[in-house]
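To start, the structure under review is shown below, and the notes come after it.
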Amino acid sequence: MGPGQDLLLKEEVYPGVEMEFVYIPSGRFMMGSEDGERDERPVHEVEISRGFYLARYPVTRAHWEGVMDNNPTSSEGANRPVYSVSWQD
């Protein structure tokens, strides 16, 4: 972790809507399974070259609607997770 970087970061992503992010440091780790599903094999080393922040909890409807100004899910409730979205959304 670089100087001045917090392990946990709270950001207001839209007025009144906050998200928590956890810092993932750079490093190496082993990923995969020899006994798992086909797409989990083989065990291999993964390198994260630069640290980054990752959302601590799933994106909720309130988060999504605040940033994207639409609701892609049919579930009721602002604190429910968003689903049926892709990287292109």
Side-chain angles (χ1 to χ4, degrees):
M1 193 166 87
Q5 288 178 310
D6 296 327
L7 291 175
L8 183 63
L9 177 68
K10 265 190 178 179
E11 285 287 319
E12 188 173 47
V13 294
Y14 187 77
V17 180
E18 287 188 341
M19 287 185 76
E20 290 184 17
F21 298 88
V22 178
Y23 187 73
I24 308 298
S26 61
R28 292 187 171 128
F29 64 94
M30 299 304 288
M31 182 170 116
S33 171
E34 296 299 341
D35 303 326
E37 299 295 322
R38 185 173 176 208
D39 63 350
E40 297 173 339
R41 292 179 275 195
V43 174
H44 58 285
E45 184 175 71
V46 173
E47 179 180 2
I48 298 175
S49 58
R50 294 185 326 187
F52 62 95
Y53 283 94
L54 179 67
R56 186 175 188 183
Y57 303 108
V59 173
T60 66
R61 283 187 52 208
H63 297 136
W64 187 274
E65 288 179 16
V67 174
M68 302 300 288
D69 200 29
N70 67 40
N71 177 18
T73 63
S74 60
S75 63
E76 297 287 329
N79 289 325
R80 293 193 178 259
V82 171
Y83 55 89
S84 298
V85 296
S86 71
W87 289 105
Q88 286 77 39
D89 291 328

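Keep in mind that what you see is a predicted model, and the values were worked out from it rather than measured.
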Of all heavy-atom pairs between [X] and [Y], which one has the smallest distance, and what is that distance?
| X | Y | value |
| --- | --- | --- |
| Ile24 | Ile48 | CG2-CD1, 4.0 Å |
| Pro58 | Pro81 | CB-CB, 4.1 Å |
| Val82 | Trp64 | CG2-CB, 3.5 Å |
| Ala55 | Met19 | CB-CE, 3.9 Å |

- Task: Determine, using the 4.5 Å side-chain heavy-atom cutoff (strictly less than), whether Phe52 and Phe29 are members of one ILVMFWY cluster.
- Result: yes
- Item | Same apolar cluster (I L V M F W Y, side chains within < 4.5 Å links), Val59/Leu9 |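 Looking at the clustering, Leu9 is in the same group as Val59.
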- Item | Non-hydrogen side-chain atoms of Glu47 and Arg28 separated by less than 4.5 Å | yes
Does [X] have more than 12 heavy atoms from other residues, nucleotides or ligands lying within 6.0 Å of its [atom1]?
| X | atom1 | value |
| --- | --- | --- |
| Glu45 | CD | yes |
| Asn70 | CG | yes |
| Tyr14 | OH | no |
| Arg41 | CZ | yes |

Just verifying a value: how many Å separate [X] [atom1] and [Y] [atom2], rounded to the nearest 0.5 Å?
| X | Y | atom1 | atom2 | answer |
| --- | --- | --- | --- | --- |
| Tyr83 | Arg61 | OH | CZ | 8.5 Å |
| Tyr53 | Leu8 | OH | CG | 8.5 Å |
| Glu12 | Glu18 | CD | CD | 6.0 Å |

- Query: For Ala78, does its backbone N or O pair with a side-chain atom of His63 as donor and acceptor, under 3.5 Å?
  - Reply: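 No; judged by distance alone, with no hydrogens or angles, the pair does not exist.
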